[in-house]
2 protein chains.
Amino acid sequence: MERVEWLTEREERAWRALQFMQMRLDGELARQLATDSALSYPDYRVLVALTDRPDGRLRLFELAAVLGWEKSRASHHVARMTSRGLVDKEPCDDDRRGAFVVITERGRRELADAAPGHVATVRRLFVDLLSDDQLDSIADVAESVLANLVRREPAASRMRL
Amino acid sequence: MERVEWLTEREERAWRALQFMQMRLDGELARQLATDSALSYPDYRVLVALTDRPDGRLRLFELAAVLGWEKSRASHHVARMTSRGLVDKEPCDDDRRGAFVVITERGRRELADAAPGHVATVRRLFVDLLSDDQLDSIADVAESVLANLVRREPAASRMRL
DNA sequence: CTAACATAGTGGACGTGTCATCTATTCCCA
DNA sequence: TGGGAATAGATGACACGTCCACTATGTTAG
């Protein structure tokens, strides 16, 4: 095992603060939605993704891709949402393996109720605290970290016997 | 319901990218630990917190505070770790409600095995990609977001009947 | 054409995290 | 000092997310 550099003070500060921020932020967002609406944070994200489409429908694998979820997670979550009447599943004629996820009237109503409070909270706890430069800096960092992750990913698929 | 400003393009870019980064980063970190060691990411953080103390022990509520966890989460997680022999629980004489969480030899061994790979992954996927300015910027942002969260928190406790 | 492979989606098992609730103890102040 | 409030911790119920294995359908190369 070669020598491993532990983090410098500067690195540690950034890494710790980021972890804490994300944990607390997600917690608050989830809590706000749970308190002020009947939607969980994942529910909310699914419904937003669906209403971004003119017909309010997405193939399950597209939904997973848009949200950055694994397909299994999307399947489980959509199943839960279907049982609560927030979305419906419909078969797909082009590809008979496939399924569409469609937002219901009830889903639209609950999203419309929840959205203002959620957006206000994102502003209050995050966006409104930051300058334009800080927002850009965050986006730059996050995008380069993501690009690096994606670049590494195909390595696994390339591994063939 | 007053009018709510949805996010500008710049704000949305930062917010979305940050969410994605954190989700993917946590996933990779968890996956790396699961693959290369017998520890989960939460396990790892508990053991690090304990070894930061000279005697390898912390009161349960202190552990929760250090990690930024709710006490219930700490209690559940420590129970799971105790059953796997990574930590022990010991009664506290000063405060008979209390309990100490103590790292075991086995816990120390597994942490020592897991640490190099974990740190290397944090470097590879995050720290080493960023400049000093970027690291400082992240830390500044995260700390001000956290300070804002803490500032709001006491409001709830102040609410009395 | 068909055999191998890839992809869409499902479902069970399990670990994780939150909320609400409960007990026991300690703190505090009138 | 006695009694109400705060605190430490445990626990049960439930939602969430991952891994893995599986079915069914589509795609492609020989």
Side-chain angles (χ1 to χ4, degrees), chain A residues 22-24 26-35 38-46 58-65 67-84 86-87 89-101 154 156-158 160-161, chain B residues 22-24 26-35 37-46 58-65 67-84 86-87 89-101 154 156-161:
Chain A
Q22 202 63 27
M23 181 173 48
R24 297 294 314 281
D26 274 7
E28 282 308 312
L29 256 6
R31 205 163 353 260
Q32 182 270 325
L33 276 175
T35 304
L39 301 177
S40 70
Y41 192 19
D43 294 339
Y44 182 90
R45 296 191 55 204
V46 167
L58 273 171
R59 284 289 296 276
L60 198 105
F61 77 99
E62 291 178 299
L63 178 64
L67 297 176
W69 289 0
E70 305 192 0
K71 65 180 184 170
S72 174
R73 177 179 179 181
S75 176
H76 279 299
H77 202 84
V78 165
R80 288 189 289 260
M81 292 179 72
T82 302
S83 77
R84 288 190 292 139
L86 298 170
V87 299
K89 265 183 292 189
E90 290 180 7
C92 171
D93 293 334
D94 293 5
D95 183 339
R96 273 176 313 186
R97 295 168 301 181
F100 282 106
V101 185
S157 325
R158 265 185 249 119
R160 292 273 176 282
L161 300 191
Chain B
Q22 202 64 25
M23 182 174 46
R24 298 294 315 279
D26 274 8
E28 283 308 312
L29 255 7
R31 208 166 346 264
Q32 182 269 324
L33 275 175
T35 305
S37 79
L39 300 177
S40 71
Y41 193 18
D43 294 339
Y44 183 90
R45 296 191 55 204
V46 167
L58 271 172
R59 284 289 296 277
L60 194 97
F61 79 97
E62 290 178 300
L63 178 66
L67 297 177
W69 288 2
E70 306 193 359
K71 63 181 184 170
S72 173
R73 175 178 179 183
S75 177
H76 277 301
H77 203 84
V78 164
R80 289 189 289 259
M81 291 179 73
T82 301
S83 78
R84 289 190 291 140
L86 299 170
V87 298
K89 264 184 291 189
E90 290 179 7
C92 171
D93 293 334
D94 292 6
D95 184 339
R96 273 175 313 184
R97 295 169 300 182
F100 281 106
V101 185
S157 325
R158 264 185 249 118
M159 248 178 260
R160 292 274 176 284
L161 300 189

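Residue numbers begin at 1 in each chain, while the letters A, B, ... track the order of the sequences.
Between B/Tyr44 and B/Ser37, the closest side-chain pair of non-hydrogen atoms is not below 4.5 Å. Side-chain contact between B/Asp95 and B/Arg59 is present, with at least one heavy-atom pair separated by less than 4.5 Å.
Taking atom CD of residue B/Glu90 and atom C1' of nucleotide D/dA8, one finds them 17 Å apart after rounding to whole Å. Across the protein-nucleic acid pair, B/Leu29 atom CG and D/dT18 atom C1' stand 15 Å apart, rounded to whole Å. Look at CZ on A/Arg59: it is 11 Å from P on C/dT10, rounded to the nearest Å. When the C1' atom of C/dG15 is taken as reference, atom CZ of B/Arg45 falls 17 Å away, rounded to whole Å. In this structure, CG of B/Leu58 is placed 11 Å from P of D/dG9, rounded to the nearest angstrom. Residue A/Glu70 contributes atom CD, which lies 14 Å from atom C1' of C/dG9 at whole-angstrom precision. Taking atom CH2 of B/Trp69 as the reference point, atom P of C/dT16 lies 9 Å away to the nearest angstrom. In this structure, A/Phe61 atom CZ and C/dT10 atom C1' are separated by 16 Å, rounded to whole Å.
Applying the 4.0 Å criterion to OP1 and OP2 of C/dT26, one finds that B/Arg96 has a side-chain N or O inside that range. At the phosphate of C/dT10, OP1 or OP2 sits under 4.0 Å from a side-chain N or O atom of A/Lys89. Dashed line: the shortest gap from a side-chain N or O of A/Lys71 to OP1 or OP2 of D/dT18 is not under 4.0 Å.
The distance from atom CG of A/Leu29 to atom OH of A/Tyr41, rounded to the nearest 0.5 Å, is 4.5 Å. The structure places CZ of A/Arg73 at 13.0 Å from OG of A/Ser75, a figure rounded to the nearest 0.5 Å.
Within 3.5 Å, a donor on the side chain of B/Ser72 pairs with an acceptor on the base of D/dT11, or the reverse.
Contacts between residues 75-83 of chain B and DNA chain C, defined by a heavy-atom separation under 4.0 Å, are made by B/His76, B/His77, B/Arg80.
For the residue pair A/Arg80 / A/His77, a side-chain donor-acceptor distance below 3.5 Å is found, with atom types taken as modelled.
Here the nucleotide nearest the side chain of A/Asp95, chosen from C/dG9, D/dC16, D/dG26, is D/dG26.
For A/Arg31 and A/Arg97, each mapped to the nucleotide of DNA chain C holding its nearest heavy atom, the one lying further toward the 5' end belongs to A/Arg97. When the nearest nucleotides of DNA chain C are assigned to A/Met23 and A/Glu62 by heavy-atom distance, the more 5′-ward of the two goes with A/Glu62.
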Evaluate the criterion side chain to side chain contact (heavy atoms under 4.5 Å, CB included) for residue pair A/Leu33 and A/Asp43; output intermediate values, then yes/no. CA-CA 10 Å; A/Leu33 276 175; A/Asp43 294 339; over 6 Å; no
Checking side chain to side chain contact (heavy atoms under 4.5 Å, CB included) for the pair A/Gln22/B/Asp26: CA distance, chi angles, key distance, verdict? CA-CA 11 Å; A/Gln22 202 63 27; B/Asp26 274 8; over 6 Å; no
From CA spacing to verdict: side chain to side chain contact (heavy atoms under 4.5 Å, CB included), B/Phe100, B/Lys89: CA-CA 6 Å; B/Phe100 281 106; B/Lys89 264 184 291 189; over 6 Å; no
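As judged by a 4.0 angstrom heavy-atom cut-off over every strand, A/Arg73 is placed among the base-contacting residues.
Shown are A/Leu63, A/Leu67, A/Val78, A/Val46; of these, the side chain to side chain contact (heavy atoms under 4.5 Å, CB included) with A/Leu58 is made only by A/Leu63.
For A/Arg84, the CZ atom counts as densely surrounded, since its 6.0 Å shell holds more than 12 non-hydrogen atoms of other residues, nucleotides or ligands.
In the helix from C/dC1-D/dG30 to C/dA30-D/dT1, the terminal helix axes, each the rotation mapping four pairs' C1' atoms onto the next four within five end pairs, subtend 20°, rounded to 10°.
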